Colleague: 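Questions regarding the structure given below will be posed in turn.
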Amino acid sequence: MSSDTIIALSTPPGVSALALIRISGPQAHELAGRHFGKAPAPRMATHGNLRDTDGKILDDVVLTSWSAPASFTGEHMVEISCHGNMLIVENILQSLIASGARLAEPGEFSRRAFLNGKMDLSQAEGIIDLIHARSERALRAARALQEGKLGRMMLVERENLLQVLSHLEAYIDFPDEDISPDVGESFRSKITQTQKNIRLLLASAREGAMLRQGLNVVISGAPNAGKSSLLNVLLERDRAIVSPIAGTTRDTIEEEIILEGVVIRLIDSAGLRESDDEIEKLGIARTQQALDKADLVLHLVDGSEPVNKPLTVKVPGNVPVITCLTKCDLSPKQDANGKLPISTVSGTGIAELKNEMIRLLRLNETSANLDYIAISVRHETLLREADECLGNALNAIGQNAAPEYVSSDLRQALDACGKIVGEVTNEDILDRLFKNFCIGK
Ligand SMILES: Nc1nc2c(ncn2[C@@H]2O[C@H](COP(=O)(O)OP(=O)(O)OP(=O)(O)O)[C@@H](O)[C@H]2O)c(=O)[nH]1
Ligand SMILES: [Mg+2]
């Protein structure tokens with residue numbers, strides 16, 4: 001339990017109807033009470049004036065309080081709803097800090113909630129995801145994590161491994177005994193079961209990355225091919241300048257759409273051609289940079305022009321490309337040859353293009369069978385470690401190795417699973433994780 005009392009604004013800074021200030025720690029009630037004129041009643045919202053120590057009114061506010069341990073952080077807590085004016089907020093913060101509170105670090109409320117056993121580490125990560133989710137699908141995955149679904153799965157698997165481990169310890173205590181074949185078999189089947197479940201979770205890593213980071217789709221092609229027109233059509237608004245002058249777009253333009261619940265960053269780029277223009281050359285260099293981090297490339301070929309010499313775009317080998325023949329509303333000057341005919345004027349081919357994007361980006365892969373848990377990179381690293389250790393344990397059993405070897409592999413696997421929920425942790429990991437939070441959460 002922390003000895004100091006922290007305070008922070010939990011709503012975004014700026015002008016708003018209301019702002020919410022949170023206080024947590026042993027002095028939360030006393031501090032708020034001192035400025036409010038009376039001690040706030042737990043779990044009651046009370047309206048009144050908040051004053052500085054000279055008695056000057058800071059604002060009329062609503063105070064809500066919670067008593068430890070029945071609060072978000074597990075400590076005494078107070079929430080102050082005041083008017084959403086940053087001057088008022090600053091004055092309240094200054095005044096309470098002068099009385100002994102300390103400004104909270106990013107994520108410190110959630111960190112305290114974790115340290116006080118109100119949630120496991122994966123649930124804290126679920127809160128970050130919940131705050132940042134941009135689609136219903138991302139929200140559902142975030143909620144699964146925040147509700148503790150991954151934590152509960154880990155508990156079952158750890159319980160299973162612990163059973164094997166405690167059984168193994170008996171053999172270690174009596175070194176003369178060999179592991180009998182039927183006992184070996186029961187170990188094997190338990191470990192295999194856990195390994196299967198871990199691999200099931202690992203299969204959701206791609207969806208997890210997709211929902212958290214989104215995907216990059218680069219629109220490339222020769223000048224005038226219709227790239228900016230396509231960007232505008234996909235965005236359903238006029239974002240980029242479109243003109244018949246080749247070389248209109250000279251910088252990369254990045255905008256987001258949501259497709260199947262996934263944030264797709266569409267990157268319109270400078271047309272690729274040999275050029276002496278310094279600015280255009282810089283633009284083309286940026287196009288190449290965008291291509292280097294693309295998850296999918298929409299390569300546009302102008303169908304209203306005869307075939308011209310192919311441009312040298314270097315698309316990383318494993319990145320899928322959809323080649324479109326543009327301006328198909330005009331009389332074609334070249335064969336489609338497997339290219340997808342599109343027109344931003346008539347709308348032909350746009351729906352097909354979106355479907356092809358969904359297919360090639362595998363946006364429809366969901367982890368519904370896992371109750372929508374979509375693991376993060378941190379979970380993935382630890383689960384891979386656990387998977388490998390379980391594989392080693394199975395090998396050791398298969399080779400009749402001494403029980404010490406099996407037990408050491410199992411312990412490592414348990415450790416990795418424990419790190420997911422924060423059972424095993426250190427300050428470094430916590431610092432890294434909670435710094436991704438906003439102040440006031
Ligand atoms: N008829 C027809 N014209 C199109 C279509 N798409 C784009 N255009 C026209 O083609 C010209 C070039 O379009 P842009 O979208 O600016 O092409 P761009 O590839 O972004 O060109 P740069 O930025 O110069 O590389 C404009 O005059 C557009 O109006 C289409 O589907 N049909
Ligand atoms: Mg353009």
Side-chain angles (χ1 to χ4, degrees), residues 214-257 259 264-316 319-358 360-361:
L215 296 168
N216 298 327
V217 172
V218 177
I219 308 175
S220 78
N224 246 359
K227 300 180 293 302
S228 300
S229 304
L230 179 62
L231 173 80
N232 292 346
V233 163
L234 291 174
L235 288 177
E236 297 176 8
R237 66 189 162 93
D238 270 339
R239 165 65 179 85
I241 298 173
V242 165
S243 91
I245 303 163
T248 305
T249 310
R250 296 170 144 220
D251 206 343
T252 44
I253 301 179
E254 199 173 307
E255 289 291 334
E256 294 179 351
I257 55 167
L259 214 53
I264 306 288
R265 277 179 296 278
L266 292 170
I267 304 163
D268 178 21
S269 60
L272 296 153
R273 65 172 171 187
E274 296 300 328
S275 171
D276 293 331
D277 183 308
E278 274 309 311
I279 299 173
E280 200 172 352
K281 276 204 262 183
L282 289 172
I284 293 170
R286 288 199 175 183
T287 303
Q288 187 58 55
Q289 280 170 15
L291 286 169
D292 292 340
K293 54 169 194 175
D295 295 292
L296 172 71
V297 174
L298 308 183
H299 185 62
L300 308 195
V301 175
D302 192 337
S304 70
E305 294 283 331
V307 184
N308 35 29
K309 74 171 169 50
L311 289 146
T312 47
V313 276
K314 279 176 253 119
V315 179
V319 177
V321 178
I322 304 175
T323 308
C324 303
L325 195 65
T326 62
K327 310 186 192 178
C328 73
D329 55 292
L330 301 175
S331 59
K333 296 273 168 44
Q334 51 175 294
D335 286 338
N337 263 341
K339 303 180 189 76
L340 177 68
I342 62 165
S343 166
T344 57
V345 172
S346 67
T348 306
I350 301 299
E352 288 83 347
L353 175 62
K354 279 192 192 167
N355 285 337
E356 198 55 5
M357 286 167 70
I358 291 168
L360 288 173
L361 289 170

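Atoms within a ligand are numbered from 1 in the order they appear, just like the ligands themselves. This is a predicted model, so every value here is computed, not measured.
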Colleague: Suppose I only count heavy atoms of Asp329 and a 4.0 Å limit; which atoms of ligand 1 are within that range?
Modeller: 1 (N), 2 (C), 30 (C), 31 (O), 32 (N)
Colleague: Quick one: look up the protein heavy atom nearest atom 25 (O) of ligand 1 and list residue, atom name and how far away it is.
Modeller: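 Checked against all protein heavy atoms, atom 25 (O) of ligand 1 sits closest to Lys227 NZ, 2.8 Å.
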Colleague: If you measure from atom 24 (O) of ligand 1 to every heavy atom of Asp302, Thr287, Thr248, which option wins on shortest distance?
Modeller: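 Ranked by closest heavy atom to atom 24 (O) of ligand 1, first place is Thr248.
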Colleague: Taking both backbone and side-chain atoms into account, decide whether Ser228 has an N/O/S atom under 2.8 Å from the Mg ion (ligand 2).
Modeller: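 Here the distance criterion (N, O or S atom, under 2.8 Å) is met by Ser228, so yes.
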Colleague: Would you check the N or O atoms of Ala270, main chain and side chain alike, for any that come under 3.5 Å of an N or O of ligand 1?
Modeller: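 Looking only at distances, the answer is no, because the N/O contact criterion of under 3.5 Å is not met.
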Colleague: If we only count N/O pairs under 3.5 Å, is Ala246 in contact with ligand 1?
Modeller: no
Colleague: Evaluate Asp268 for polar contact with ligand 1, using N/O atom pairs at a separation under 3.5 Å.
Modeller: no
Colleague: With atoms numbered from 1 as shown, which atoms in ligand 1 lie under 4.0 angstrom from a non-hydrogen atom of Ser228?
Modeller: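 Those of ligand 1 that fall under 4.0 Å from Ser228 are 15 (O), 18 (P), 20 (O).
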Colleague: I'd like to know: is the Mg ion (ligand 2) within the 2.8 Å range of an N/O/S atom from Thr249, strictly under that distance?
Modeller: yes
Colleague: Just need the protein heavy atom nearest to atom 10 (O) of ligand 1, so name the residue and atom and give the distance.
Modeller: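 The closest heavy atom on the protein side is Lys327 NZ, 3.0 Å.
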Colleague: Would you mind running through ligand 1 and noting each atom that sits below 4.0 Å from a heavy atom of Ala225?
Modeller: 19 (O)
Colleague: Ser343 heavy atoms, cut-off 4.0 Å: which ligand 1 atoms fall inside?
Modeller: 31 (O)
Colleague: Using non-hydrogen atoms of the residue, decide whether Leu231 is closer than 4.0 angstrom to ligand 1.
Modeller: no
Colleague: At a 4.0 Å threshold, what atoms of ligand 1 neighbour a non-hydrogen atom of Pro244?
Modeller: 26 (C), 27 (O)
Colleague: Using the salt bridge (Lys or Arg N to Asp or Glu O under 4.0 Å) rule, pick out the option among Asp268, Asp292, Asp251 that qualifies with Arg286.
Modeller: Asp251
Colleague: Which residue holds the protein heavy atom closest to atom 2 (C) of ligand 1, what is that atom called, and what is the gap in Å?
Modeller: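 Closest protein heavy atom to atom 2 (C) of ligand 1: Val345 CG2, 3.5 Å.
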Colleague: Just to confirm my output: which protein heavy-atom neighbour is closest to atom 13 (O) of ligand 1, and how far is it?
Modeller: Ser229 OG, 3.6 Å
Colleague: How does Leu330 reach ligand 1, by side chain, by backbone, by both or by neither, if only non-hydrogen atoms under 4.0 Å count?
Modeller: side chain
Colleague: Which atoms of ligand 1 are found less than 4.0 Å from any heavy atom of Gly271?
Modeller: 25 (O)
Colleague: Nearest to atom 16 (O) of ligand 1, what protein heavy atom do you find, and at what distance?
Modeller: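 In this structure, atom 16 (O) of ligand 1 has Ser243 N, 3.3 Å as its nearest protein heavy atom.
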Colleague: Among all protein heavy atoms, pick out the one at the shortest distance from atom 31 (O) of ligand 1; state its residue, atom name and that distance to 0.1 Å.
Modeller: Thr344 N, 2.8 Å
Colleague: Would you check the N or O atoms of Val242, main chain and side chain alike, for any that come under 3.5 Å of an N or O of ligand 1?
Modeller: no
Colleague: List ligand 1 atoms under 4.0 Å from Ile245, heavy atoms only on the residue side.
Modeller: 24 (O)
Colleague: Of all the non-hydrogen atoms in the protein, which one sits nearest to atom 21 (O) of ligand 1, and at what distance?
Modeller: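 For this ligand atom, the closest protein heavy atom is Asn224 N, 2.9 Å.
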Colleague: Using modelled atom types only, decide if a donor and an acceptor are shared between the side chain of Glu305 and the backbone of Lys333 within a distance under 3.5 Å.
Modeller: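 Not confirmed, Glu305 side chain does not pair with Lys333 backbone.
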Colleague: For ligand 1, which atoms have a heavy atom of Gly226 less than 4.0 angstrom away?
Modeller: 7 (C), 13 (O), 14 (P), 15 (O), 17 (O), 18 (P), 19 (O)
